[in-house]
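Structure first, then comments.
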Amino acid sequence: MTTKPWSLLECCQHFSAAGIQHITIWRNVLAELSLTEAAKMVQDHALQVTSLCRGGFFPSKNASKRREAIDDNKLAIDQAAAVGAPVVVLVCGADRGQTLVESRQQIQDGITELLPYAEANQVKLAIEPLHPMYADDRSAVNTLEQANAMAEALGSSWVGVALDVYHLWWDPNLQTEIQRCGKQGNLLAFHVCDWKTPTTDLVLDRGLMGEGCIDIQQIRSWVEATGFSGPNEVEIFSNIYWADDQKDYLKRIIEAYRQHC
Ligand code: ZN
């Protein structure tokens with residue numbers, strides 16, 4: 001998604017040529033090609049799939065919509081297994097027609113129902129807490145503390161958390177909560193980008209690392225102190241950067257990563 005204008009094949013070609021070894025696949029690209037083709041594409045370019053984005057969106061006042069969400073998450077697990085993704089990242093969802101407490105309960109219930117399916121397919125589920133500005137419609141899970149508590153309550157090695165600096169950099173308890181999920185073996189993914197001031201779009205104005213106010217190196221040091229050795233994923237959604245030449249942009253990403261992560 002970081003280089004959204006590129007097809008999966010173009011991502012594989014350019015990432016591989018630049019020495020990048022991992023890729024997260026977003027499900028929208030799977031609408032355009034078969035799972036076998038996608039899996040072959042990443043293998044042919046010696047890339048490992050970090051995760052599949054995204055599942056989730058469990059809460060709804062409407063029971064039939066909650067049921068549809070479970071089915072869609074099962075499909076995401078199938079897709080992850082087929083393309084070799086060990087993790088499905090969950091954007092958990094929210095429904096503003098009900099309380100956040102109700103939405104969180106539906107998220108937990110949804111994941112509970114999915115866990116046997118995740119285990120059967122050997123795919124883990126990562127609860128990604130989102131910044132509170134998305135609490136109305138994208139996620140009722142907004143802090144790492146909430147995500148950790150939910151993962152611990154679910155008590156399965158098939159569920160953990162995804163940590164994105166964009167969503168969590170402001171949290172005074174961040175270091176403690178990183179230690180907590182590290183200790184539980186629940187830290188499944190680490191996403192980096194930067195928070196721009198002013199942010200002009202709540203979704204599509206993420207910054208390159210070093211362009212904003214997040215101390216990524218410090219957060220990374222907390223993450224690695226837990227023993228986390230997974231890839232550090234650059235995840236930038238940006239109308240500005242998507243309008244640029246993607247080859248130049250990829251060079252800037254790599255430079256920014258080397259300097260600021
Ligand atoms: Zn993320």
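Along the sequence shown, residues carry numbers from 1. Counting starts at 1 for both ligands and their atoms, following the listed order.
A salt bridge links R206 with E235: the closest approach of a Lys/Arg side-chain nitrogen to an acidic carboxylate oxygen falls below 4.0 angstrom. Using a cutoff of 4.0 Å between basic side-chain nitrogens and carboxylate oxygens, E68 and K65 are not scored as salt-bridged. A salt bridge does not link E128 to R54: none of the charged nitrogens lies less than 4.0 Å from a carboxylate oxygen. R67 has a carboxylate O that lies under 4.0 Å from a charged side-chain N of E113, or vice versa, which qualifies the two as a salt bridge.
Protein N/O/S atoms closer than 2.8 Å to the Zn ion (ligand 1): E128 OE2, D164 OD2, H191 ND1, E235 OE1.
With hydrogens and angles left out, the side-chain atoms of T200 and D205 include a donor and acceptor closer than 3.5 Å. One side chain, Q98 or Q106, offers a donor N or O that lies under 3.5 Å from an acceptor on the other.
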